[in-house]
2 protein chains.
Amino acid sequence: MSGNEELAQSEERLRIRKNLIEAIAETMDLYGATHSSGQLYGIMFFENRPMTLDEMKRQMNMSKSNMSYAVRSLVESQMVKKLDEKLERKELYAAETDFFIVFQKFFSHKLQREIDVMMKAIDDAQPNLTELILQEHTADEERKLALQDLHKLRHAQKYYEWLQQFVDSLRNGEFFTNKAE
Amino acid sequence: MSGNEELAQSEERLRIRKNLIEAIAETMDLYGATHSSGQLYGIMFFENRPMTLDEMKRQMNMSKSNMSYAVRSLVESQMVKKLDEKLERKELYAAETDFFIVFQKFFSHKLQREIDVMMKAIDDAQPNLTELILQEHTADEERKLALQDLHKLRHAQKYYEWLQQFVDSLRNGEFFTNKAE
DNA sequence: CTATTCGTACAAAAAATATTGAACAAAGAA
DNA sequence: TTCTTTGTTCAATATTTTTTGTACGAATAG
């Protein structure tokens, strides 16, 4: 076979990959990731070995500092792991390729953050709202409005308690029980 | 009680609300919503009746066209409903205040979109990859690489089949069974 | 130890996104 | 019907986010 044909095949495989990488980036866009992070995850997903910043830079055709930022965000959302060993001084990063685990890590992380932010806000607000309602000199209309807000908070609190359980279940792998592995 | 005191109470309640609205906007930021959409949802969450674009504009202190865009994105992610009736020519919008329902609608919508995008990409890629592997004149090394990619796709496909079931369960309310309502 | 290379932080530049005001079609009051 | 008002779109502007180049501390090879 000619060198040209070999090249064509390799290009065909890379073309197929490129479409898939774009789809991955597009879905990650949905959850607030930058397009570049999404592409980078896609590249790392198909790469069959850990990558260095230099390789990312080369494949993404971007600056090393940007790769540093992008890979950090992937590590933070736990879709990529920084390995303990290095290769010729260079740090190594490997994508988690099991989407079940990605789902588990990504969503438990995001949802936990949401729970923490909202629970704190609710915990801060409730005593103040309660005091406003209880004060002798609070106008009736005002009390009524404050009470409505308080009830909304109590419902929200119930929800976040449930969501915490949901996240715990997710972390425990309870949703994956029927999965053939 | 003096008018000043009444004013102070109302301001206190609005201050408490403002913190909560900010927390809501912050958590919505996490999932790729714009900060303004998040704030708008927060405002609508506390408002005890449907709102018009003019009211949103007034409360958000922003242009009407921007409110039109913001509320549209909230309707699309199903956190806000456009009512059938109008008030004095103006369309009415109401926030879904039950976070359980918001969770259900928001995530089933996003995840379904992810499934559709990825399943399409996978379905498009698989036959091409398969053909590349099967072709007589494909170089061994190339075949090996294509095969690795194909296996990754098959795993991904398994995942998205599971995710589709997960979304179906979410839509059916299966995750809310233990919830006190 | 010294020299080299790596990864990150920072400020500047580039790109993408959000916001606005104006124009206009559609809805509906008069 | 005609006149008013609403909601949306579009192009422009403003703002935010992403990306880059550079500088520098930390790690490590020699």
| query | A:Lys86 side chain N/O closer than 4.0 Å to the phosphate oxygens (OP1, OP2) of D:dT28? | reply | yes
May I ask you to verify if any side-chain N or O of A:Ser68 is less than 4.0 angstrom from the OP1 or OP2 atom of C:dG7? no
Heavy-atom nearest nucleotide on DNA chain D taken for A:Arg89 and for A:Lys64; more 5' hit belongs to A:Lys64
In this structure, how many angstroms lie between the [atom2] atom of [N] and the [atom1] atom of [X], rounded?
X       : N      : atom1 : atom2 : value
B:Leu87 : D:dT5  : CG    : C1'   : 14 Å
B:Glu88 : C:dA27 : CD    : C1'   : 15 Å
B:Asn66 : D:dA14 : CG    : P     : 15 Å
A:Lys57 : D:dG21 : NZ    : C1'   : 10 Å
B:Tyr93 : D:dT6  : OH    : P     : 13 Å
B:Lys90 : C:dA29 : NZ    : P     : 12 Å
B:Arg58 : D:dT6  : CZ    : C1'   : 17 Å
B:Asp29 : C:dA18 : CG    : P     : 10 Å

Considering only heavy side-chain atoms of A:Arg72, the closest of C:dA27, C:dA9, D:dT8 is C:dA9
Taking C:dC6, D:dT9, D:dT20 as options, the one with an atom nearest any side-chain atom of B:Tyr69 is D:dT9
- request: Would you kindly say whether A:His35 and A:Glu22 are connected by a side-chain donor-acceptor distance under 3.5 Å?
  value: yes
Practice problem: Check whether the side chains of B:Asn48 and A:Gln148 place a donor and an acceptor atom closer than 3.5 Å, and report yes or no. | Solution: yes
query = Contact class for B:Thr52 vs. all strands (heavy atom < 4.0 Å): base, sugar-phosphate, or nothing?
reply = nothing
So B:Ser65, base contact, sugar-phosphate only, or nothing? Heavy-atom distance under 4.0 Å. base
Assert: residue with more 5' nearest nucleotide on DNA chain C, out of A:Glu91 and B:Met62, is A:Glu91
Kindly assign one of parallel, tilted or perpendicular to the pair B:Phe107 and A:Phe107, based on the angle between their ring planes and the thresholds 30° and 60°.
perpendicular
ring-ring contact (aromatic ring centres under 6.0 Å, His included) test vs B:Phe99 passes for just one of A:Phe166, A:Tyr159, A:Trp162, namely A:Tyr159
Please determine whether any donor N or O and acceptor N or O are separated by less than 3.5 Å between the side chain of B:Ser63 and the base of C:dG21.
no
NZ/NE/NH1/NH2 to OD/OE distance under 4.0 Å, B:Arg58 and B:Glu55 = no
